Each structure stands twice: as structure tokens, then as C-alpha cells.
There are 2 protein chains.
Amino acid sequence: MDTRQQIIDAADHLFYRNGFTHTSFTDIASTIDISRGNFYHHFKSKNEILSAVIQARLDRTKQFIEQWEKENLSPRKRIASFINILTTNKTKIAQYGCPVGTLTIELGKINHDAQPHAKEIFSLFRSWLTEQFIQLGHHKDADALAMHLLSHSQGIATMFNAFKDESFLNREVGELHHWLNTLVD
Amino acid sequence: MDTRQQIIDAADHLFYRNGFTHTSFTDIASTIDISRGNFYHHFKSKNEILSAVIQARLDRTKQFIEQWEKENLSPRKRIASFINILTTNKTKIAQYGCPVGTLTIELGKINHDAQPHAKEIFSLFRSWLTEQFIQLGHHKDADALAMHLLSHSQGIATMFNAFKDESFLNREVGELHHWLNTLVD
DNA sequence: GTCTATATAATGATAGAC
DNA sequence: GTCTATCATTATATAGAC
């Protein structure tokens, strides 16, 4: 087994569920059964682990986007795939919120150097969604539509995390799909 | 000076800006110039301080709502006052996000007992907004409209915190006001 | 009511044996 | 490459003098 990769995977998991600050080396070490001292052969510091976790999430996001490009022929269907993340991941969102939003907020509060890196995941979705809205014919307000969709999704995730109300989630996701379908070609 | 109140005020300030986990007794003590040992005369633990901070925020929220009831004659204007929080507090939101959403998410991640208490601030806004939409004549979907507005505001706060894009904020706030004004009486 | 001194546990990080 | 042992620092919390 690749220990370095095991560390990244376990840290990714724990940073999402328990937060970066609240995750200790002891926590990570115990889940993959290595000693605390072993970390420093693979990473110089906790910050370097965070950096690797963010990079892994960025890479995963890129792969998701590539998959949507392959599976869906129309930009409308690709945007619909983005909206459906909320439904697909509803169990995790109810427990831990949106992985992108919660990490960006947390790193911002502790003034962490890696906050801009974490924010790049938002930027990736933003620019990709903008491109999709352009392909839909909305050249002028494509970025505004992308930001509208991103912020609305983010808000749904936060409120679903707080109230865990499935009918709320389904209703809001339905409204997003309706909003998307009323946008003219 | 009331030391107990000073502790609550300083903790309120720091929990919002730096997060609950990342705020230490040393941080609070140094801002109001007391010793660390003095805390335990006023509070049994850090959790008791958190509890007092959340209660203070709940009380403040109730006062805000009472003020809106006094100042604004129509439910539509009262809801508009809620929307305008985003603009009024934009500087703090850009730096630290929404105080309600970020604390609720953080306490959820560390599995803190006080998370339901923090969530009550959301519930307070939710039930008050629901009442306003009922007064607007939307008896059937008042709670859905309240949740829609809450989640949308929450998403705007998160994305404004990430990108600090004022034109985005103004555009989304404008859309919320437009959405409110197109709701029939 | 406030302080100093201290207890105890946990943190991130290092050194060096194997 | 992994371990044990240890360091320095910080954390929450307690005891007791004033």
C-alpha cells in the first residue's frame, strides 16, 4: 500500500467530517494504523498534508467535469448534472455540509495560507459553468448565471445541513432545474 | 465593568472572526486584559462561554426582529429589511462569512452539544419570515418561501466571502428584492 | 473577584534506532 | 520506510493566596 496516498485519503476524509483544525495527527494515524512519527517521512508538516488534500479534491473535481462532458451532449444536461450533486450527496451534506464551502470558510477564519488554494475548487466550477451558459447562448450574463447557481447550491447545502429537511432539498433542487429549463437557448 | 459580560462580548467577537475551536482562553483574556484563571470564576468551562455567546446572539436577533416590526408597517418591508442585512454587513461577511451559518457548520463538524442551540437562530429567522409571508397572503407556501430566502441569503454570504465580488452581491440582493416584489399580495 | 502557580492532556514536530 | 522516544508548545482546567 502507498502510505503517502493512505495519509492523503484519510486526511481528506477527516478534514471533511471533523474540520481541518479539529483533525489531529493522532486521528489520521489511528485510522490507517501508522505511528505519528511516520508522517514526517512523507510530509514536512500538517499544512503540506492539507495542500495535498486540496490538490486531490481539485483533481477529482476536474475528473467529474470531464465525465459530465463525456456523458452529456448538451450544456443544459451538463448543468443539470451539477445541480444533481446536491441530491446524490445529500446524506453527506446533511452530516458535514458542502466540502468546498465548509473548508473555504474554515481556512478563511484561521487565516490559513492555503485558503486561496481551496477556493480554486469554487473557481473551477465557476469557469466551467460559465462556459456552459455561454454554450447555452447566454454570452452576456454567463458568469452571473454561474455565480447565481453556485451560490444557490451553496445555500441549499448549508440549510439542508442545518435542518436535514428532505422536502426542502427536493423542492429547491426542483426549482433549480425549472430555472435552468426556462433559460432560453 | 461587568467582567462576565466583557468575556461574552470578547468571545462573541473572536468566535465569529477566528472560529470557536481556534479561539483560546489566552486569546479572550488578552483582549480584555484579565488572567486565564479568572475565567473559571464566571464560567465553568469553555462550553459555558459558548452557550452564553449563542444566547446573546439569540437575544440580539430577537431585538433586531422587534425593531423591524416597529419600523416597518408592511410585511413586505419587513422581509426587505432581512434581505438588506447582506448589504449592511457586507464588510464582515466578506471577511468572516455569516455568523449563524459558519458557527452552525463548525459545531456540527466537531459534534458539539451546543449545535442545536446555535441552529435556533436559523429557526428564529425561519419562523419569523414564515409569519411575514403568511401576512403577505402566502398561507400555503409560507415556510417554503422562508426557507428559500434563508438558503439563498446563506449562499450569497458564502460565495461573497469566497470571492469578495461586490457586483455579485449587489446583483443577487437586487434579484432577491425583485423576487420579493413580484410575490402577489 | 482577581491573581499566580500549577496540573494534566494534547498538539505539531524532531531525533535516531531498526 | 517505519518505529519509539522525546521535545516544545499550547490547551483547558484547578488550587489556593490575596
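Below, read A as the first sequence line, B as the second, and so on, with proteins coming before strands; counting in each chain starts at 1. This is a predicted model, so every value here is computed, not measured.
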Donor-acceptor pair, distance only, cut-off 3.5 Å: does the side chain of Asp27(A) make one with the backbone of Thr23(A)?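 Looks like no, no N/O pair under 3.5 Å.
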Just by modelled atom types, is the Asn72(A) backbone N or O under 3.5 Å from a matching donor or acceptor in the Lys77(A) side chain?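 Checked: no pair found.
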When you measure from the centre of the six-membered ring of Phe163(B), is the NZ or CZ of Arg126(A) closer than 6.0 Å and no more than 45° off the axis?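 Yes, Arg126(A) sits over the ring of Phe163(B).
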When the distance from [atom1] of [X] to [atom2] of [N] is rounded to whole Å, what number comes out?
X	N	atom1	atom2	result
His42(B)	dT14(D)	NE2	C1'	16 Å
Phe25(B)	dA13(D)	CZ	C1'	8 Å
Leu50(B)	dA13(D)	CG	P	12 Å
Lys46(A)	dT10(D)	NZ	C1'	13 Å
His22(B)	dT10(D)	NE2	P	12 Å

Under 4.0 Å, counting only non-hydrogen atoms across every strand here, what does [X] touch: a base, just sugar-phosphate, or nothing?
X	answer
Ser35(A)	base
Tyr40(B)	base
Thr23(A)	sugar-phosphate

With heavy atoms of chain B within less than 4.0 Å as the criterion, where does contact along DNA chain C begin and end?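 Taking any atom under 4.0 Å from a heavy atom of chain B, the span is dG1(C) to dT6(C).
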Would you mind telling me which of Phe64(A), Phe82(A), Trp68(A) makes a ring-ring contact (aromatic ring centres under 6.0 Å, His included) with Trp128(A)?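 Passing option: Trp68(A).
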Heavy-atom nearest nucleotide on DNA chain D for His41(A) versus Gly37(A): which residue maps closer to 5'?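 Nearest-nucleotide comparison on DNA chain D picks His41(A).
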Arg4(A) and Ile8(A): CA distance, side-chain angles, deciding distance, side-chain contact (heavy atoms from CB on, under 4.5 Å) verdict: CA-CA 6 Å; Arg4(A) 188 190 145 89; Ile8(A) 294 171; 4.2 Å; yes
Tyr40(A) ring center within less than 6.0 Å of Phe25(A) ring center: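 Centroid separation for Phe25(A) and Tyr40(A): below 6.0 Å.
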